[in-house]
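None of the values given here were measured: they were computed from a predicted structure. Positions are given from 1 along the sequence.
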Amino acid sequence: MTIGRNGQGAPDGAPAIELRGASKVFRTPSGAGHTAVRDLDLTVARGEFVAVVGPTGCGKSTTLTLVSGLEEPTEGEVLIGGEPVTGIRPEVGFVFQQDAVFPWRTVLSNVMAGPRFRGVPKAQARERARDWLGRVGLASFADRYPHQLSGGQRKRVALAQTLVGDPSILLMDEPFSALDVQTRALMSDELLELWGGARPGGAAASVVFVTHDLEEAIALADKVVVMTAGPATVKQVFPVPLERPRKVESVRLEAAFIEIYREIWSSLGEEVRITRERGASRVA
């Protein structure tokens with residue numbers, strides 16, 4: 001039987017992302033092994049927005065690096081579109097916690113950099129970069145340098161840098177954590193607006209969004225994944241049946257939002273307490 005394939009060479013019907021029994025062990029300077037994640041099973045459907053929450057240091061970011069191909073699992077499998085991840089793939093975009101901008105380049109040049117590295121002609125790369133700067137509200141800042149921008153503006157540059165490549169999978173590692181509360185809410189709303197219409201034909205990217213902010217996770221996501229205290233594995237998965245489109249500040253006031261928050265916190269809070277108790281026992 002011939003297996004149908006989509007435009008990116010992946011089997012039709014396969015999940016966008018799948019981790020099967022994935023574990024990652026790092027070697028410490030002393031030579032001992034440190035298990036960051038273990039027996040991790042996680043599925044992300046095409047076009048689905050998934051938020052991942054868990055205690056500090058439990059392995060959430062490691063999960064993203066496994067999906068991105070920056071790290072290989074020690075055990076288990078990581079698949080994108082049904083195919084094993086064997087390295088960095090062009091359809092995967094990654095927004096890091098720290099801004100990954102070139103300080104010596106202008107805003108326009110920063111956004112052009114990705115397409116140029118992939119061989120896009122300069123004029124076409126410039127056109128695409130200007131289009132995305134317009135979408136993120138930075139059209140008039142194209143000739144500025146990163147140090148001349150606010151924190152929120154730098155995050156908009158980071159989004160434009162990533163989305164200009166039309167990724168079908170978007171990995172985000174606490175991208176708004178350094179922003180003030182008001183700017184963070186605005187950036188969350190902008191992300192939701194860009195998410196659905198970022199790709200050709202309006203096909204939404206599949207998103208894995210790591211955050212420590214449970215309210216942020218619920219406001220953005222289709223489902224919230226709670227990780228255990230490290231080494232991380234999936235403890236529970238909670239669907240978020242809130243209607244879209246959403247506005248972050250208004251959806252937080254809904255009774256359904258508050259009920260979902262209580263339900264998820266009852267699970268997440270246990271893992272946070274375990275992590276704190278472990279830290280206290282080490283100090284003692």
Open item on the list: Taking the basic N atoms (NZ, or NE/NH1/NH2) and the acidic carboxylate oxygens, is any pair closer than 4.0 Å for K235 and E270?
Closed with: yes
- [ ] Check step by step if side chain to side chain contact (heavy atoms under 4.5 Å, CB included) holds for M227 and V52.
- [x] CA-CA 7 Å; M227 296 286 207; V52 178; 3.7 Å; yes
Task: Side chain to side chain, V92 and I169, heavy atoms closer than 4.5 Å - done: yes
- [ ] Establish, from distance only, whether the side-chain atoms of E271 and T228 form a donor-acceptor pair under 3.5 Å.
- [x] no
Task: Euclidean distance, T35 OG1 relative to F26 CZ, rounded to 0.5 Å - done: 10.0 Å
Open item on the list: Could you check whether S206 and E48, counting side-chain N and O atoms only, form a donor-acceptor pair closer than 3.5 Å?
Closed with: no
- [ ] Report the C-alpha distance between V240 and D222 in whole Å, list the side-chain angles of each, state the deciding distance to 0.1 Å, and finish with yes or no for side chain to side chain contact (heavy atoms under 4.5 Å, CB included).
- [x] CA-CA 5 Å; V240 180; D222 296 313; 5.9 Å; no
Task: Passing candidate, side chain to side chain contact (heavy atoms under 4.5 Å, CB included) with V208, options D173, V225, L64, L170 - done: L64
- [ ] Tell me, yes or no, whether the heavy-atom count around Q148 atom CD, taken from other residues, nucleotides or ligands under 6.0 Å, exceeds 12.
- [x] yes
- [ ] Could you check whether the rings of F209 and F176 sit parallel, tilted or perpendicular, using 30° and 60° as the cut-offs?
- [x] tilted
Task: Nearest heavy atoms of L138 and Q153, plus distance in Å - done: CD1-O, 3.5 Å
Open item on the list: Tell me whether R262 forms a cation-pi arrangement with W265, defined as NZ or CZ under 6.0 Å from the six-membered ring centre and within 45 degrees of its axis.
Closed with: no
- [ ] Check W195 against F49 and note the closest heavy-atom contact, atom names and distance.
- [x] CZ2-CB, 3.7 Å
- [ ] Using a strict 4.0 Å threshold on nitrogen-to-oxygen distance, state whether R246 and D189 make a salt bridge.
- [x] no
- [ ] Indicate whether any N or O donor in one side chain lies under 3.5 Å from an N or O acceptor in the other, for D39 and T233.
- [x] no
Task: Test item: S267 and F238 side chains (from C-beta on) under 4.5 Å apart, heavy atoms - done: yes
Open item on the list: If I take atom OG1 from residue T65 and atom CD1 from residue I88, how far apart are they, to the nearest 0.5 angstrom?
Closed with: 11.0 Å
Task: Donor-acceptor under 3.5 Å (R126 side chain, M112 main chain) - done: no
Task: Approximate separation, where rounding is to 0.5 Å, of L220 CG and R244 CZ - done: 7.5 Å
Task: Pair I17-T43, side chain to side chain contact (heavy atoms under 4.5 Å, CB included): steps then yes or no - done: CA-CA 6 Å; I17 301 168; T43 300; over 6 Å; no
- [ ] Might you point out which heavy atoms bring V95 and T162 nearest each other, and give the distance in Å?
- [x] CG2-OG1, 3.4 Å
Task: Joint cluster assignment, V67 & L70, ILVMFWY side-chain distance < 4.5 Å - done: yes
Task: T56 versus T275, closest heavy-atom pair with distance - done: O-CG2, 4.0 Å
Open item on the list: Would you say V111 ends up clustered with L163 if hydrophobic residues are merged whenever their side chains have heavy atoms under 4.5 Å apart, either directly or through other cluster members?
Closed with: yes
Open item on the list: How long is the straight-line distance from CD of E174 back to NZ of K60, given to the nearest 0.5 Å?
Closed with: 6.0 Å
Open item on the list: So, taking the atom named NZ in K155 and the one named CG in L179, what distance separates them when rounded to the nearest 0.5 Å?
Closed with: 6.5 Å
Task: Heavy-atom neighbours of E75 CD exceed 12 at 6.0 Å - done: no
Open item on the list: I'd like to check T62 versus E71 (side-chain heavy atoms, cut-off strictly below 4.5 Å). Are they in contact?
Closed with: no
Task: Polar contact flag, side-chain donor to acceptor under 3.5 angstrom, S177-Q97 - done: yes
TODO: Answer yes or no: is there an ion pair linking E249 with K247, defined by an N-O contact shorter than 4.0 Å?
DONE: no
Task: Derivation of the side chain to side chain contact (heavy atoms under 4.5 Å, CB included) call for V237 and V234 - done: CA-CA 8 Å; V237 178; V234 174; 3.9 Å; yes
- [ ] Measure the CG-OG distance between L133 and S140 for me, rounded to the nearest 0.5 Å.
- [x] 9.5 Å
Task: Greater than 12 external heavy atoms within 6.0 Å of Q124's CD - done: yes
TODO: Output yes when R184 and D180 qualify as a salt bridge under the 4.0 Å nitrogen-oxygen rule, no when they do not.
DONE: no
Open item on the list: Strictly distance-based, threshold 3.5 Å: is any side-chain N or O of W132 a donor or acceptor partner for the main-chain N or O of Q161?
Closed with: no
TODO: Would you please test R252 and E254 for salt bridge (Lys or Arg N to Asp or Glu O under 4.0 Å) and show each step?
DONE: CA-CA 6 Å; R252 288 175 175 173; E254 296 181 14; over 6 Å; no
Open item on the list: Salt bridge check, E127 against K122: does any charged N sit closer than 4.0 Å to a carboxylate O?
Closed with: no
- [ ] Check the hydrophobic clustering (I, L, V, M, F, W, Y; side-chain heavy atoms under 4.5 Å; chains of links allowed) and say if M172 and L194 are grouped together.
- [x] yes
TODO: Please work out which of the three classes, parallel, tilted or perpendicular, describes the rings of F257 and Y261, given edges at 30° and 60°.
DONE: parallel
